[in-house]
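Read the structure below first, then the notes.
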Amino acid sequence: MSVRALPLLFLNLGGEMLYILDQRLRAQNIPGDKARRDEWTEVDRKRVLHDIILTMFNKSFIEELLKPQELYSKKALRTIYDRLAHASIMKLNQASMDKLYDLMTMALKYQVLLCPRPKDVLLVTFNHLDTIKGLIQDNPALLHLVDETLRQLIEVYGGLSAGEFQLIRQTLLTFFQDLHIRVSLFLKDKVQNSNGRFVLPVSGPVPWGIEVPGLIRMFDNKGEEVRRVEFPHGGNYVTAPKEGSFEVYGDRVLKLGTNMYSVNRPVETHTSGTSKNLSSQAQQSIAPNPLAKEELNFLAKLMGGMEIKKTSGPEPGFRLNLFTTDEEEEQAALTRPEELSHEVVNIQATQDQQRNQELARIMGEFEVMDQPRWSASKGDDLLAMMDEL
Amino acid sequence: MVAADSEGPSDPGVRMFRRQRSIPLRGSAAALSNNLSVLQLPVCNLTHFGVVHGPSAQLLSVAPEGVPLAQRQLHAKEGAGVSSPLITQVHWCALPFRVLLVLTSHRGIQMYESDGSVMVYWHALDSRDASPVQAMFARGIASCGHFICVGMWSGRVLVFDIPAKGPNIVLSEELAGHPTSVTDIASEPAQEQDCMADVVTADDSGLLCVWRSGPEFKLLTRIPGFGVPCTSVQLWKGIAAVGYGNGQVRLYETSTGALHVQINAHARAICALDLAPEVGKLLSAAEDTFVHIWKLSKRTESGCTEVEHCHGECVPDTQVCGARFCDPSGSSFAVTGYDLAEILTFSSE
């Protein structure tokens with residue numbers, strides 16, 4: 001619907017991803033001198049975050065992202081995060097990547113749903129970026145990249161009307177429709193019910209710019225107030241204290257989008273017993289995507305600017321497990337409901353000669369392997385080819 | 001569940017509402033405004049409901065006591081574009097000799113016979129008007145006499161002339177009056193005097209345009225906004241009841257544009273307003289999980305409008321996206337919520 005929703009979706013999901021990876025890496029942190037070769041250290045953690053942030057805030061990538069365009073499918077977006085998560089020495093198994101993505105999406109769904117005003121989704125984004133800056137305090141070059149992104153966001157979104165923000169919010173909510181994965185942290189904090197739905201409080205401060213409900217004012221033809229009546233509105237609201245800042249630096253006031261994870265609060269997700277409305281979602285993901293070519297162009301264009309670092313031969317690539325044990329991770333992979341399997345996009349690259357110029361150029365820059373890793377019976381798999389490199 | 005009734009002096013009859021049986025939906029309701037349309041068919045004791053899910057909309061026929069009888073899914077017609085087109089609104093239009101179901105999307109306008117069985121008309125959005133920085137869509141549907149008005153992302157309002165039967169629907173006029181996207185349109189049967197307004201259109205900036213319908217629509221009044229989108233609008237006895245993104249409901253006298261009533265009704269954006277015109281009942285629903293029912297009265301001597309709060313209902317943990325009265329006396333209503341795969345119904349009988 002809105003052609004301005006994608007950057008907010010991408011940056012906020014990316015922010016959540018960094019929070020979760022940071023928490024997980026800290027939890028597995030072994031002091032440098034005691035660590036074995038295959039264990040995570042503080043240095044490793046910093047390196048992983050550095051590599052992901054560097055990739056995520058790459059100048060041409062952000063430029064491409066900020067162009068007005070429609071939101072792409074969940075599958076296409078998931079593919080980008082797969083890439084992003086593997087932008088460094090870290091490796092994630094499918095089950096861990098699934099869990100990571102579940103947490104990211106449910107956290108952002110919660111934040112968008114609970115935003116007091118549609119415009120506050122921008123404050124949520126700023127909170128993510130502010131916290132990301134906190135993770136890279138010792139790296140001025142990276143800090144500059146993130147600040148640049150903040151400035152560009154202010155430029156693009158600063159002038160949008162309330163109506164346009166309302167459309168952005170509706171577009172984001174459409175993306176998250178029918179996702180009811182239960183997150184233990186949310187259940188514990190009582191912000192999510194056991195049926196997977198989020199709690200919408202009817203008390204507390206009203207959004208900035210909204211009056212506390214309960215008053216009817218009647219006027220005559222001259223505009224003079226003739227009567228004032230109160231009515232029971234059913235909630236327990238108070239006025240908003242102050243407005244959050246939309247500048248590059250400032251107090252955002254809103255807490256949504258700040259880091260809610262800490263080392264001592266491991267996060268579980270429950271994928272069983274989710275809402276029975278998954279049938280509509282399943283139909284969406286199983287049905288053949290007739291626009292795969294457009295998404296292919298988009299992904300290639302976006303990732304062309306991504307500059308993914310290739311892991312050199314001998315370095316093993318450390319594996320991060322989002323579960324407590326390897327057995328748990330295996331078990332999760334086996335018991336994951338079919339409807340929720342976030343398969344990486346398996347795009348059939350068409351034989352169509354009328355390719356987008358940009359796509360052809362990007363493909364020209366990659367070596368083409370003879371044997372695709374997954375041999376889909378029909379046609380080649382572009383991503384598989386890119387994977388080989 | 002919180003229900004709050006006012007200690008009003010009038011009308012003891014219709015006050016306590018009780019939850020009735022929910023009507024299950026195939027797909028959850030989308031986070032749109034005005035996302036519920038109801039067609040009451042008292043003659044055959046049936047009620048039709050229409051809800052937008054996303055790329056599809058669902059129509060349901062329901063018997064008394066909320067027993068679902070039949071359902072049908074309609075899809076947005078594909079056209080040129082990147083992704084699956086989303087539906088923005090579905091609405092039944094009662095015309096003098098027929099009822100048509102209108103469906104608006106990011107591709108165009110689809111009109112069907114009232115049961116959704118046959119598409120009688122398709123109007124594609126003109127991609128030449130497209131702007132790269134704004135999505136194209138149609139939104140805002142109302143019938144007025146033998147016309148159907150549909151709003152556009154550009155602010156234009158298309159007026160279609162509908163014949164008594166058959167598919168010979170013609171685009172009669174394109175109204176220019178709004179600088180930003182149309183959000184909703186309301187109409188009421190023409191009043192006794194010729195000069196009374198019978199159509200109101202609203203947009204994202206909060207601006208209202210008041211029109212008199214005819215072979216050529218005439219713009220009578222413009223009621224400026226105040227920086228907040230108008231999300232829903234209704235028209236009753238020349239009074240425009242308007243819901244805004246800041247939770248306010250305002251009542252304006254359309255002939256003068258004067259503000260008669262201002263209600264701080266909700267703590268979040270209003271998503272739907274509905275009228276039971278025979279009894280002067282107004283329903284407001286918002287993303288704050290509340291639905292409120294108001295009694296409107298027009299004082300002919302002073303020309304003032306009065307409002308009384310009748311009932312408030314909380315739908316826990318639900319971001320309401322649509323609400324409608326289900327009968328002409330306003331003694332029952334239905335509610336849809338984002339992510340909710342059922343229609344909730346309430347009745348005071």
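Within every chain, numbering begins at 1; the chains are lettered A, B, ... in the order of the sequence lines, protein sequences first and strands thereafter.
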**Q.** Side-chain donor/acceptor of Tyr338(B) to backbone N/O of Leu173(A), under 3.5 Å
**A.** yes

Q.
I'd like to verify something: which residue of Ile216(A), Thr174(A), Val226(A) has the highest number of heavy-atom pairs under 4.5 Å with chain B?
A. Ile216(A)

Q. Using a heavy-atom distance cut-off of less than 4.5 Å, which residues of residues 240-248 of chain B contact chain A?
A. Gly245(B), Asn246(B), Gln248(B)

Q. Of the backbone (N, CA, C, O) and the side chain (C-beta and beyond), which part of Trp153(B) lies under 4.5 Å from a heavy atom of chain A, both, or neither?
A. neither

**Q.** Closest non-hydrogen atom pair between Asp178(A) and Asp339(B), with its separation
**A.** N-OD1, 2.6 Å

Q: Return the minimal non-hydrogen interatomic distance between Pro207(A) and Ala267(B), and the atom names on each side.
A: CD-O, 3.3 Å

Q) chain B heavy atoms under 4.5 Å from Val229(A): which part of the residue, side chain, backbone, both or neither? A) neither

Q. Is it the side chain or the backbone of Leu86(B) that comes within 4.5 Å of chain A heavy atoms, both, or neither?
A. side chain

Q) What's the spacing between Asn264(B) CG and His233(A) NE2 if we round to 0.5 Å? A) 10.0 Å

Q) Is it the side chain or the backbone of Gln170(A) that comes within 4.5 Å of chain B heavy atoms, both, or neither? A) both

Q. Hey, which of Ala30(B), Ala258(B), Ala269(B) has the most heavy atom pairs under 4.5 Å with chain A?
A. Ala30(B)

Q: Answer yes or no: is there a donor N or O on one side and an acceptor on the other, between the side chain of Gln177(A) and the main chain of Ser28(B), under 3.5 Å?
A: yes

Q) Minimum heavy-atom separation for Ala162(A) to Gly227(B), with atom names? A) CB-O, 4.1 Å

(Q) Using heavy-atom distances under 4.5 Å, tell me whether Ser33(B) contacts chain A through its side chain, its backbone, both, or neither. (A) both

Q) Given the rule in the side-chain contact (heavy atoms from CB on, under 4.5 Å) test, do Glu287(B) and Gln166(A) qualify, once you have shown the distances and angles that lead to the verdict? A) CA-CA 12 Å; Glu287(B) 294 177 359; Gln166(A) 174 72 299; 3.8 Å; yes

Q: Output the distance between atom CG (Asp317(B)) and atom CG (Asn193(A)), rounded to the nearest 0.5 Å.
A: 5.0 Å

Q.
My understanding is that only residues two or more places apart in sequence, or in another chain, count here; which of them pass salt bridge (charged side-chain N to carboxylate O under 4.0 Å, His left out) with Arg217(A)?
A. Glu225(A)

Q | Option in Glu164(A), Lys109(A), Arg117(A), Arg4(A) with maximal non-hydrogen atom pairs under 4.5 Å from chain B | A | Lys109(A)

Q: To the nearest 0.5 Å, tell me how far Asp204(B) CG sits from Phe165(A) CZ.
A: 12.5 Å

Q: Sort Tyr237(A) into side chain, backbone, both or neither according to what part of it lies under 4.5 angstrom from a heavy atom of chain B.
A: side chain

Q: Check Leu167(A) against Phe137(B) and note the closest heavy-atom contact, atom names and distance.
A: CD2-CE2, 3.9 Å

Q.
How close do Glu306(B) and Met218(A) get, counting heavy atoms only, and between which atoms?
A. CA-SD, 3.6 Å

Q | Proximity breakdown for His260(B) and chain A, heavy-atom pairs closer than 4.5 Å | A | both

(Q) Nearest 0.5 angstrom please: Arg169(A) CZ to Gln319(B) CD, how far? (A) 4.5 Å

Q. Given that the side chain runs from C-beta out, which part of Thr318(B) has a heavy atom under 4.5 Å from chain A: side chain, backbone, both or neither?
A. backbone

Q) Out of curiosity, Ile263(B) CD1 to Phe231(A) CZ, how far, rounded to the nearest 0.5 Å? A) 7.0 Å

Q. CG/Leu200(A) to CZ/Arg268(B) distance, rounded to the nearest 0.5 angstrom?
A. 8.5 Å

